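Structure below; questions to follow.
Source: prediction; values computed, not measured. Chain naming here is simple, since letters A, B, ... match the order of the sequence lines and numbering starts at 1 in each.
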Amino acid sequence: MPPWQRTDYCGAIRASDEGREVALWGWVQTRRDHGGLIFIDLRDREGIVQLVMNPEHNAAAHSAAGEARSEFYVAVKGKVARRSEGTVNAELPTGEIEILVHEFEVLNASAPPPFQVVDGEATAEEIRLKYRFIDLRRPEMQSNLRRRHQALKAVRDHLDQNGFVDIETPILFKSTPEGARDYLVPSRVNPGKFYALPQSPQLLKQILMIGGFDRYYQIARCFRDEDLRANRQPEFSQIDIEMTGPRPEDIQSIAEGMIASVYQRVLGIDVKPPFPRMSYADAVDRFGIDKPDLRFGLELKNLTSGFAGTAFKVFAEILSRGESVYGINVPGADPLTRRELDELTESVRTRYSMGLAWIKVGDAGWQGPIAKYISDAEKSAAASIADLKQGDTLIMVAGLPDKIRPVLGDVRLRLGAKFELDKSDELKFLWVVDFPLFDYSDEDKRMVAVNHPFTAPNPDDLKLLESTPLKARALAYDMVLNGQELGGGSIRIHSRELQLKVFELLGMSREESVDRFGFLLEALRYGAPPHGGIAFGVDRICMMLCGTESLRDVIAFPKTQKAVDPMSGAPSEVDPRQLRELSIKVTS
RNA sequence: GGGGUCGUAGUUCAGCCCGGUUAGAACGCCGGCCUGUCACGUCGGAAGUCGUGGGUUCAAAUCCCAUCGGCCCCGCCA
């Protein structure tokens with residue numbers, strides 16, 4: 001048992017505490033031993049405070065402090081004293097005072113830490129993760145995880161105030177092989193059968209609506225067995241929301257209020273709903289992507305009409321097939337060098353097997369490899385569409401719009417990064433709406449759901465399901481912030497017939513539909529109310545709140561790119577007896 | 001599955017192109033001295049399977065091949 005209880009947090013003591021007798025616990029951050037006087041910066045979750053051990057004041061405490069080393073966990077008693085003039089440290093919140101220690105006890109020694117907790121150089125992430133218990137002591141990790149807590153608290157408060165009920169759904173659920181790979185869990189009592197960890201509680205929350213809960217939310221853990229990225233972990237958290245009877249704008253309004261509350265309470269920043277809406281078609285046409293970063297321009301321009309009948313063979317051939325030319329005007333204020341243009345051209349060639357053309361509006365007219373093939377009429381047409389001025393550079397790609405707009409969207413983001421336009425701390429929220437319901441998968445030779453197969457078609461497009469389903473729009477919406485998708489949702493199908501129709505369009509037989517989603521189809525037979533909702537990526541929101549580039553910095557115990565936890569060593573082999581009980585044989 | 005990049009004291013790195021004495025530096029660590037430091041100072045010291053395996057060579061941290069691992073990206077992620 002500790003010899004005494006803590007009265008205060010180290011980092012929370014202030015000049016107003018002067019004269020108080022305090023008892024503190026904390027880690028030794030640094031020890032400055034002057035032979036006579038010893039100073040120790042003692043750290044806890046609130047920060048550091050300076051301890052002073054004076055042999056004339058208390059010899060035993062001084063001698064005990066002399067034995068303390070980095071990351072020892074110690075308990076002290078002492079008196080809060082104002083620092084004398086000239087020894088105040090303006091850099092520290094506790095810099096006006098120090099603790100004159102008269103009792104000093106080491107509660108637990110520490111091996112020399114593998115890296116310095118504070119003031120050390122940036123440590124390899126592998127080492128940080130292996131010794132996560134030390135890494136988590138770093139002020140940055142403390143701050144990130146507490147912001148995460150504050151964000152989730154704000155979310156819960158907001159949803160609670162709006163009548164949403166937090167309901168837990170199972171982690172052991174049924175495999176539904178549409179979408180990502182499932183994590184499987186063998187069932188011992190049902191040999192040869194498996195649960196799947198949920199990729200999201202999507203179906204369960206729909207069932208909850210049918211079950212009469214009307215407004216549900218959950219901070220739900222989700223699992224997807226796919227390759228990792230800086231912003232993708234195999235397990236992650238969603239703010240999962242569902243309600244009955246909403247129009248898209250009802251969900252959007254609740255979500256906007258929730259996000260505004262998060263920014264207000266975590267960062268003290270006012271964001272002003274409602275957020276602007278942009279159709280999917282516009283987003284793709286103007287930015288080449290369905291989650292545009294609106295902090296900067298560099299929009300895509302459709303130059304097709306300007307080059308009708310061009311003599312430039314490359315364009316002429318592509319246009320003769322009814323395809324398009326799109327371009328980006330890079331303003332002369334931020335000129336690209338010839339070398340940068342060549343690198344851009346080369347990278348577009350290698351990444352997309354596509355040609356990139358460019359011209360520069362110079363003093364002597366258009367310059368660049370293709371300038372001589374472009375007629376004056378085409379130049380003025382293109383200049384007018386793309387608003388070209390002296391010194392501007394026009395970057396162009398020709399081909400099928402669906403192929404070239406994402407390429408230019410990528411080029412746009414790279415230009416934004418090059419000019420550091422993506423460094424702005426502006427918050428450009430928007431809703432992307434009117435997503436298509438289906439997309440055609442060349443790989444699977446069939447239509448696939450753009451969102452998920454439970455998304456309701458726009459009622460205006462219902463008749464398109466029979467004729468041209470790829471043109472049907474969904475009642476789906478994504479919230480986007482600065483080029484990152486924070487969350488997405490939709491109104492769901494609540495009619496069994498329509499749901500079966502959509503499954504059929506996705507190439508699923510009646511038997512497959514019933515086998516995979518029979519419980520949903522059954523539930524839809526019993527007075528299922530119209531319903532819809534949204535889900536937000538907690539980890540990505542926290543990345544934005546903390547200004548970090550990696551999800552791993554907002555998760556206490558994340559996994560590496562190989563989905564390994566370097567601290568525990570998971571995943572690991574298991575005892576053969578465990579496998580026998582599960583009727584599982586490992587073949588590799 | 002593919003591309004890129006990194007792997008050298010506890011940590012962060014230099015050395016590698018162009019093979020050749022005892023593999024260096026900083027921080028940290030250990031010991032001495034030091035009563036106003038807060039990146040304390042100062043004197044001294046310890047500390048390395050150069051990721052692993054193989055090859056070339058009189059000789060490999062350095063060149064070649066393979067392999068493992070970290071990170072970033074493509075594929076994948078309804």
When you match A:Phe454 and A:Glu125 each to their closest nucleotide on RNA chain B, which lands nearer the 5' end?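 The residue whose closest nucleotide sits nearer the 5' end is A:Glu125.
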Of A:Thr560 and A:Val450, whose nearest nucleotide on RNA chain B comes first from the 5' end?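 So the residue in question is A:Thr560.
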What contact category does A:Ile38 fall into here, base, sugar-phosphate, or nothing, at under 4.0 angstrom with non-hydrogen atoms?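 Result for A:Ile38 = nothing.
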Counting only heavy atoms and a strict 4.0 angstrom limit, can you tell me which residues of residues 223-231 of chain A come near RNA chain B?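 Within residues 223-231 of chain A, the residues near RNA chain B are A:Arg224, A:Glu226, A:Asp227, A:Arg229, A:Ala230.
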Strictly by ring pair (Phe, Tyr, Trp, His ring centres under 6.0 Å), give each pair with a member in residues 37-61 of chain A just once, sequence neighbours left out.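 Non-adjacent pairs meeting ring pair (Phe, Tyr, Trp, His ring centres under 6.0 Å): A:His34-A:Phe39.
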Within the 4.0 Å limit for protein heavy atoms, which parts of nucleotides 28-40 of chain B are touched? Write it as a string from 5' to 3', B for base, S for sugar-phosphate only, - for none. SSSS--BBBBB-B
Looking across every strand, which nucleic acid part, if any, lies under 4.0 Å from A:Gln561 by heavy atom: base, sugar-phosphate, or nothing?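 Result for A:Gln561 = base.
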Considering only the P atoms, how many Å lie between B:U62 and B:G54, rounded to the nearest integer?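 Those two atoms are separated by 14 Å.
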Do any N or O atoms from the side chain of A:Asn54 and from the backbone of A:Glu56 form a donor-acceptor pair under 3.5 angstrom?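 Answer holds: yes.
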A:Asp461 side-chain N/O to A:Arg473 backbone N/O, donor-acceptor pair under 3.5 Å: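 Side chain of A:Asp461 to backbone of A:Arg473: a pair is present.
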Whether over 12 other heavy atoms sit under 6.0 Å from A:Lys79 NZ: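 No.
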Quick check on A:Tyr352: does its OH atom have over 12 non-hydrogen neighbours (other residues, nucleotides or ligands) under 6.0 Å away?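 Buried by this count: over 12 neighbours within 6.0 Å.
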Taking a pair as Watson-Crick (N1 to N3 plus N6-O4 or O6-N4) or G-U wobble (N1-O2 and O6-N3), both under 3.5 Å, which stems of 3 or more consecutive pairs involve RNA chain B?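 Expected stems, ordered by start: B:1-7 with B:68-74, B:10-13 with B:24-27, B:29-33 with B:41-45, B:51-55 with B:63-67.
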Going by distance alone, is a donor N or O of one side chain under 3.5 Å from an acceptor N or O of the other, for A:Gln50 and A:Arg32?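 A donor-acceptor contact under 3.5 Å links the two side chains.
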Nearest heavy atoms of A:Ala474 and A:Leu437, plus distance in Å: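 Looks like CB-CD1, 3.6 Å.
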Any side-chain to backbone donor/acceptor pair from A:Lys77 onto A:His102? Under 3.5 Å, distance only.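 Looks like no, no N/O pair under 3.5 Å.
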Quick check: are there more than 12 heavy atoms from other residues, nucleotides or ligands sitting under 6.0 Å from CZ of A:Arg510?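 Not more than 12 within 6.0 Å, no.
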Under 3.5 Å side-chain donor-acceptor pair for A:Thr169 and A:Gln218: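 A pair is found: one side chain offers a donor N or O, the other an acceptor, under 3.5 Å apart.
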Which part of the nucleic acid, if any, lies within contact of A:Pro453, taking any heavy atom under 4.0 Å across all strands shown: a base, the sugar-phosphate backbone alone, or nothing?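 Here A:Pro453 touches the bases of the nucleic acid.
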Could you check whether the side chain of A:Arg232 and the base of B:C76 have a donor-acceptor pair of N or O atoms closer than 3.5 Å, going by distance alone?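 Yes, a donor-acceptor pair under 3.5 Å.
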Do you know the tightest heavy-atom contact between A:Pro170 and A:Phe173?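 Nearest pair, atom of A:Pro170 first, then A:Phe173: CG-CD1, 4.4 Å.
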Is there any ring pair (Phe, Tyr, Trp, His ring centres under 6.0 Å) pair reaching into residues 477-508 of chain A, and which pairs are they, with sequence neighbours excluded?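 For residues 477-508 of chain A, and leaving out neighbouring residues, the ring pair (Phe, Tyr, Trp, His ring centres under 6.0 Å) pairs sorted by first residue read A:Phe503-A:Phe517.
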Listed in order of residue number, which residues of residues 471-507 of chain A have a non-hydrogen atom at under 4.0 Å from RNA chain B?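 Contacting residues: none.
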Taking atom C1' in both B:A25 and B:G2, compute the distance separating them and give it to the nearest angstrom.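 The same atom, C1', in both gives a distance of 38 Å.
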Can you label the angle between the A:Tyr131 ring and the A:Phe133 ring as parallel, tilted or perpendicular, going by 30° and 60°?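 Plane angle over 60°, so perpendicular.
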